[in-house]
Undergrad: 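A single structure is presented below for examination.
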Amino acid sequence: MVRPTQQLHPAREPAPLLPAATVLLLRDSPEGLEVLMTRRSAKASFAPGAYVFPGGRIEASDAAAQAVATRRPAQGDRQLTESVAAVRECFEELGVLLARHTDGRPVGADILATMDRSTTSAIALADQCTARGLLLATDGVYTLAHWITDRDLPKRFDVPFLVARMPEGQEPSADESEQFEPCWVRPADALERHKAGSFFMIFPTVRTLERLAPFATVDAVLDACSQRPGGEGPLWTSCPRAGLLRGKEARYMEHEFPFGELAMVCPDGQIVHELGWQSEAPVALLKNLRRLTAPNPGAMTGPGTNSYIVGDAASGYIVIDPGPNDPAHIERLHQATSGDIRQIVCTHSHADHSPGAAPLQALCASKPPIFGLASLPTARPASYFVPERALQDGERLQLKDDQGNTHTLRAIHTPGHAANHLCLVLEEDGLLFSGDHVLNGSTTVIDPPDGNMNAYLDSLDRLDAACADGDVRFILPAHGHVLGEARAAIAHLKAHRLKREAKIAAAMQKLPQGTPEDWLPIAYDDVPERMWPVAARSLAAHVERIRQLGESR
């Protein structure tokens, strides 16, 4: 857990959450699946002028109106209350009533014409339904998603996004107060119009339509919601985070690359952190942590190699992975630390990580020691590296100021990507510096003979145990943004590796007399062909492991 004293931005309490519900009314058309949307009033307090799905606040009376609501066996009380609220709001705003007669007949326009849609109470709606022998068709309302409004906004909602089939024989008519211009639109078309600037939508609406676009029919959507593995519930849940990308506001969901970094730097949602890659000056992540990305972007390095600066002016600094021998980058590291570097640590010997260590040491008057592990004879010539002192597994490097504040890095040997790879845990703040063992946005290459898949997978287990023992939540990789939810990220990475290995094993069984060149297109058919030469290295590591496992059985 990051120490509050190291956070860059003062703690604040986000606005309280208000319960609400919205419903996506769907229909099939000759052009494909369509969803009903309306434009919010330009005077609305939330998302003025945006195209949205009908919905609004959940009221206390919504739970009390369950007497006229129909229920599926799998539909819990909360989900039923949310469905009642969505049905009520849909009727008030658009005049569409999800209901049927007690004998199962649909509700016709003649019945709707006798009803007062200006009611603001589910009880009043229930009374009208009872008087006409109607039941709310809430058993046909399913949960698609669960959105929680971003922490930075002054008004926040906790909102299930529900889906239901548009009743036959009804036509939407906006209330011309809260909602205007009801329209049927294909999700893909709405997204294109939004991109062109003619159909403004807020972030959750956009992301929901992106997830909805691949569905061909209403039945496909309802089946996905009703047959979700593990039982009914949202297909996804998200409380997005926002940062700055080249000076402009940008929002991200939990699965997107910058999310973990925003969670670490701005846990309470302040929109102040710049996410654009910076090689000219260090980017502050915490008071005791900065990142300077080397100017070496590429297919293998992503935006560049991250050099991390741990410590502060009172304690001095440790530099992790000084990067390639790039004089300008090394000089920037020296300037950022005012030359007060106490230790230099290389996670491994590859050419984009360790060559900058000796030149950086030479710039410092104190000649800080260089730590790491020596490359083995299996390493490629360009990866030759011998530290001044080897870091023992579990050994700690510590910075301490006059006030007793400490920053302690603990080494964990993690062979796999390279035989001499190690990771570091900043113990006081629960941070894992993962080098190339865990990356954000890609999987690391395992290149035999220096790389070894068995060792790599075993090292992932070691990192998972270290995260569990040390309350580590964030991973700081050598390439890419900070990763949040460290143990989940490690588990996902291991599952991905084993899934790829299963595809390779299947390719080997399909072509038992084949070669790695024959298996590669089958096992990596989901990877761009331009990346196959790189993928071939990891394939070789998997093949070696598969054959070893076969021999041991």
Side-chain angles (χ1 to χ4, degrees), residues 20-42 44 47-56 83 85-100 106-113 115 117 136-138 140-145 147 159-226 235:
T22 190
V23 61
L24 285 68
L25 293 177
L26 306 177
R27 75 178 186 185
D28 295 315
S29 77
E31 289 74 34
L33 178 71
E34 293 182 332
V35 60
L36 182 60
M37 301 189 71
T38 63
R39 179 176 58 80
R40 283 180 62 80
S41 167
Y51 280 87
V52 297
F53 315 116
S83 298
V87 168
R88 172 180 55 76
E89 288 285 344
C90 187
F91 181 57
E92 293 172 8
E93 295 177 354
L94 296 177
V96 174
L97 182 60
L98 292 169
R100 57 178 175 266
V107 177
D110 56 335
I111 297 294
L112 288 176
M115 298 184 68
R117 59 185 278 194
L136 299 181
T138 41
V141 180
Y142 296 85
T143 304
L144 176 71
W147 285 98
V159 193
F161 276 48
L162 309 173
V163 287
R165 190 186 301 273
M166 176 69 183
E168 293 184 8
Q170 299 189 35
E171 291 293 332
S173 174
D175 61 9
E176 302 297 325
S177 174
E178 294 184 43
Q179 306 293 347
F180 301 83
E181 303 173 13
C183 62
W184 288 99
V185 60
R186 294 173 60 245
D189 292 339
L191 293 169
E192 284 297 320
R193 290 164 63 183
H194 172 74
K195 187 176 180 180
S198 62
F199 201 80
F200 169 62
M201 298 183 291
I202 59 175
F203 183 86
T205 310
V206 171
R207 287 291 196 262
T208 299
L209 290 174
E210 288 174 350
R211 298 285 187 96
L212 197 62
F215 289 96
T217 65
V218 177
D219 282 342
V221 177
L222 300 184
D223 286 347
C225 296
S226 62
L235 300 186

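The first residue of the sequence shown is numbered 1, and numbering continues consecutively from there. Values in this document were obtained by computation on a predicted structure and should not be read as measured data.
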Undergrad: Please report, to 0.1 Å, the donor-acceptor pairs under 3.5 Å made by any side chain of residues 165-172, with sequence neighbours excluded.
TA:
unit_1 : atom_1 : unit_2 : atom_2 : d
R165   : NH2    : D219   : OD1    : 2.4
Q170   : OE1    : L97    : N      : 2.9
Q170   : NE2    : L97    : O      : 2.9

Undergrad: Out of the candidates E181, Q179, R40, H194, only one should pair with Y51 under the side chain to side chain donor-acceptor pair (under 3.5 Å) rule; please name it.
TA: E181
Undergrad: On a heavy-atom basis, which atom in C90 and which in L25 lie closest, and how many Å separate them?
TA: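 Heavy atoms only, the tightest pair is SG-CD1, 3.4 Å.
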Undergrad: Heavy atoms only: give me the nearest S41-S177 pair and the separation to one decimal.
TA: CB-O, 3.6 Å
Undergrad: What's the spacing between T217 OG1 and D223 CG if we round to 0.5 Å?
TA: 7.5 Å
Undergrad: How close do A164 and V141 get, heavy atom to heavy atom, and via which atoms?
TA: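 Smallest interatomic distance, heavy atoms only, reads CB-CG2, 4.1 Å.
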Undergrad: Between D28 and V218, is there a donor-acceptor pair closer than 3.5 Å when you use the side chain of the first and the backbone of the second?
TA: yes
Undergrad: Taking atom types as modelled, find out whether T208 and W147 have a side-chain donor-acceptor pair closer than 3.5 angstrom.
TA: yes
Undergrad: Please test M201 against L191 for side-chain contact (heavy atoms from CB on, under 4.5 Å), starting from the C-alpha separation and ending with a verdict.
TA: CA-CA 9 Å; M201 298 183 291; L191 293 169; 4.3 Å; yes
Undergrad: Within the structure provided, determine whether R193 and S198 are in side-chain contact (heavy-atom separation under 4.5 Å).
TA: yes
Undergrad: For W184 and L26, which heavy atoms make the closest approach, and how far apart are they?
TA: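 It is CZ3-C, 4.0 Å.
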Undergrad: Keeping the roles fixed (side chain from T205, backbone from V52), state whether a donor-acceptor pair exists under 3.5 Å.
TA: no
Undergrad: For residues A174 and L94, report the shortest heavy-atom separation together with the two atoms involved.
TA: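 Between these two residues, the closest heavy atoms are CA-CD2, 4.1 Å.
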Undergrad: Rounded to the nearest 0.5 Å, how far does CG of L162 lie from CG of L144?
TA: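 One gets 8.5 Å once the value is rounded to the nearest 0.5 Å.
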Undergrad: Of all heavy-atom pairs between Y142 and S226, which one has the smallest distance, and what is that distance?
TA: CE2-CB, 3.5 Å
Undergrad: Looking at OG1 of T143 and CZ of F161, how far apart are the two atoms once the value is rounded to the nearest 0.5 Å?
TA: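 One finds 12.0 Å between OG1 of T143 and CZ of F161.
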Undergrad: Please confirm whether the backbone N or O of G95 pairs with a side-chain atom of S173, one donor and one acceptor, at under 3.5 Å?
TA: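 No, because the side chain of S173 does not come within donor-acceptor range (under 3.5 Å) of the backbone of G95.
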Undergrad: Are L222 and V163 side-chain neighbours, meaning at least one heavy-atom pair lies under 4.5 Å?
TA: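 Yes; the side chains approach each other to less than 4.5 Å.
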Undergrad: Would you compute the distance between atom OG1 of T22 and atom CZ of F53 and round it to the nearest 0.5 angstrom?
TA: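 Between atom OG1 of T22 and atom CZ of F53 there are 7.0 Å.
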Undergrad: Within the structure provided, determine whether R186 and E34 are in side-chain contact (heavy-atom separation under 4.5 Å).
TA: yes
Undergrad: Return yes if some donor-acceptor pair links the side-chain N/O of E93 with the main-chain N/O of G55 below 3.5 Å, else return no.
TA: yes
Undergrad: Salt bridge or not between E210 and R207? Use side-chain N to carboxylate O under 4.0 Å.
TA: yes
